[in-house]
Amino acid sequence: MRKIILASGSPRRKELLEGLDFNFEVRLKQEIQENFPSDIEAEVVPEYLSRVKASAYLEDLQSNEIVITADTVVICDGSILGKPSDAKEAAAMLHKISGKTHQVTTGVCITSKEKQVHFHVNTFVTFKELTDREINYYIDKYKPFDKAGAYGIQEWIGYIGCTKLEGDYYNVMGLPIYKVYKELQNF
């Protein structure tokens with residue numbers, strides 16, 4: 001049996017992987033440069049970045065280990081919304097997705113010394129028109145600065161704002177767990 005390493009500090013990814021009842025270890029590396037070529041499509045960026053992250057772990061990976069790396073972005077009107085740096089940027093992102101359908105894409109890379117599988121999953125999320133009061137309340141109370149697009153679907157803003165979801169709900173949380181499970185079974 002191979003040892004699974006989750007290379008993510010995301011509490012949501014950890015929670016989702018724990019839900020599969022796998023034994024795994026969280027292992028983090030500092031200073032991985034998350035840069036990508038400007039000419040690749042927004043939808044492909046998270047898969048590209050998950051592969052960049054995986055390459056940082058490859059040298060230290062033992063022969064009996066598998067590392068899972070992931071990256072999630074929100075895409076609205078063709079623009080990538082990453083993690084906001086402050087409340088002003090978070091508010092701008094939430095205003096941008098307000099009253100619209102946006103795309104959440106998570107790229108995942110599963111890597112061992114001998115093999116690598118990578119993929120991305122898209123989910124389309126529609127939000128109602130959010131009020132300034134709702135946006136400010138959410139930012140003040142939930143501090144969504146570690147979340148792509150400045151929101152967590154599993155939090156208050158998702159409860160009151162999401163009117164439609166097409167695709168994998170868990171993908172919006174940061175890990176398309178069904179696809180990860182399927183790929184791990186085939187690995």
Side-chain angles (χ1 to χ4, degrees), residues 4-20 24-36 42-57 67-77 79-98 100 102-110 120-125 127 130 132-162 165 167-177 179-180:
I4 297 173
I5 307 299
L6 176 62
S8 174
S10 165
R12 290 155 300 282
R13 288 190 182 121
K14 182 176 183 273
E15 174 188 347
L16 290 170
L17 200 55
E18 283 171 344
L20 293 179
F24 67 94
E25 166 190 327
V26 173
R27 193 178 296 167
L28 301 176
K29 285 197 174 253
Q30 302 301 317
E31 304 303 321
I32 297 174
Q33 296 298 315
E34 294 186 26
N35 300 321
F36 56 89
E43 183 176 288
V44 181
V45 167
E47 185 175 346
Y48 177 89
L49 291 175
S50 72
R51 290 169 52 210
V52 167
K53 292 174 184 179
S55 67
Y57 286 83
V67 65
I68 301 171
T69 54
D71 193 79
T72 302
V73 298
V74 170
I75 303 167
C76 187
D77 299 332
S79 297
I80 293 176
L81 306 180
K83 296 174 185 174
S85 57
D86 57 27
K88 184 178 177 182
E89 191 174 13
M93 288 181 183
L94 291 171
H95 278 291
K96 186 166 184 138
I97 65 172
S98 178
K100 296 179 187 169
H102 61 275
Q103 177 179 330
V104 179
T105 302
T106 301
V108 178
C109 189
I110 301 171
H120 67 272
V121 174
N122 299 317
T123 304
F124 297 89
V125 181
F127 265 68
L130 299 167
D132 287 341
R133 186 174 180 206
E134 289 166 337
I135 289 171
N136 292 333
Y137 172 80
Y138 177 68
I139 293 168
D140 289 345
K141 179 150 175 121
Y142 291 89
K143 314 268 188 258
F145 309 119
D146 66 335
K147 294 170 177 65
Y151 79 93
I153 193 77
Q154 73 283 1
E155 295 176 337
W156 182 84
I157 200 84
Y159 299 165
I160 65 101
C162 180
L165 188 136
D168 185 334
Y169 171 82
Y170 300 107
N171 183 53
V172 184
M173 285 179 66
L175 197 62
I177 202 66
K179 178 83 170 156
V180 169

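Residue numbers run from 1 in the order of the sequence given.
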Asker: Kindly compute the distance separating CD1 (I157) from CD1 (I97), expressed to the nearest 0.5 Å.
Answerer: 7.5 Å
Asker: Quick one: CE on M173 to OG1 on T106, what's the gap to the nearest 0.5 Å?
Answerer: 11.0 Å
Asker: Would you mind reporting whether S50 and T69 have side-chain heavy atoms less than 4.5 Å apart?
Answerer: yes
Asker: Minimum heavy-atom separation for P176 and V108, please, with both atom names.
Answerer: CD-CG2, 3.8 Å
Asker: Would you name the heavy atoms of Q33 and V52 that are closest together and state the gap between them?
Answerer: O-CG1, 3.6 Å
Asker: Look up atom CD in Q103 and atom CD1 in I80, then write down how far apart they are to the nearest 0.5 Å.
Answerer: 10.0 Å
Asker: So, for V125 and C162, which heavy atoms are closest and what is the spacing to 0.1 Å?
Answerer: CG1-SG, 3.9 Å
Asker: Quick one: do K179 and D168 make a salt bridge, cutoff under 4.0 Å?
Answerer: no
Asker: Could you tell me which non-hydrogen atom of A150 sits nearest to which non-hydrogen atom of L94, and how far apart they are?
Answerer: O-CD2, 3.7 Å
Asker: Among K53, H120, R51, whose side-chain hydrogen bond (donor to acceptor under 3.5 Å, both in side chains) with D71 holds?
Answerer: K53
Asker: Would you indicate whether the side-chain heavy atoms of Y137 and I160 approach each other to under 4.5 Å?
Answerer: no
Asker: Verify side-chain contact (heavy atoms from CB on, under 4.5 Å) between V180 and L16, making sure each step is shown before the conclusion.
Answerer: CA-CA 10 Å; V180 169; L16 290 170; over 6 Å; no
Asker: As an exercise, state the distance from CZ of R27 to CD1 of I5, rounded to the nearest 0.5 Å.
Answerer: 3.5 Å
Asker: Quick check for you: to the nearest 0.5 Å, what is the distance between S98 atom OG and M93 atom CE?
Answerer: 15.0 Å
Asker: Would a distance-only check, ignoring hydrogens and angles, find a side-chain to backbone donor-acceptor pair under 3.5 Å from D77 to S79?
Answerer: no
Asker: For T105 and N122, indicate whether the former's side chain and the latter's backbone hold a donor-acceptor pair under 3.5 Å.
Answerer: no
Asker: Can you say whether the rings of W156 and Y138 are parallel (under 30°), tilted (30 to 60°) or perpendicular (over 60°)?
Answerer: parallel
Asker: Can you list the residues that meet the side-chain contact (heavy atoms from CB on, under 4.5 Å) rule with K14, with sequence neighbours excluded?
Answerer: L6, E18, F24, V26
Asker: Might you work through the side-chain contact (heavy atoms from CB on, under 4.5 Å) test for F145 and E89, ending with a clear yes or no?
Answerer: CA-CA 9 Å; F145 309 119; E89 191 174 13; over 6 Å; no
Asker: Which of parallel (below 30°), tilted (30 to 60°) and perpendicular (above 60°) describes Y151 and H102?
Answerer: perpendicular
Asker: Could you report the tightest heavy-atom contact between L175 and A70, atom names first, then the distance?
Answerer: CD1-CB, 4.1 Å
Asker: Does any N or O in the side chain of N171 come within less than 3.5 Å of the main-chain N or O of V121, such that one atom is a donor and the other an acceptor?
Answerer: yes
Asker: Between V45 and I75, is there a side-chain heavy-atom distance shorter than 4.5 Å?
Answerer: no
Asker: Compare every heavy atom of E34 with every heavy atom of L49, then report the nearest pair and how far apart it is.
Answerer: CD2-C, 3.7 Å
Asker: More than 12 non-hydrogen atoms from neighbouring residues, nucleotides or ligands closer than 6.0 Å to NZ on K141, yes or no?
Answerer: no
Asker: Measuring from I153:CD1 to F127:CZ, what's the distance to the nearest 0.5 Å?
Answerer: 4.5 Å
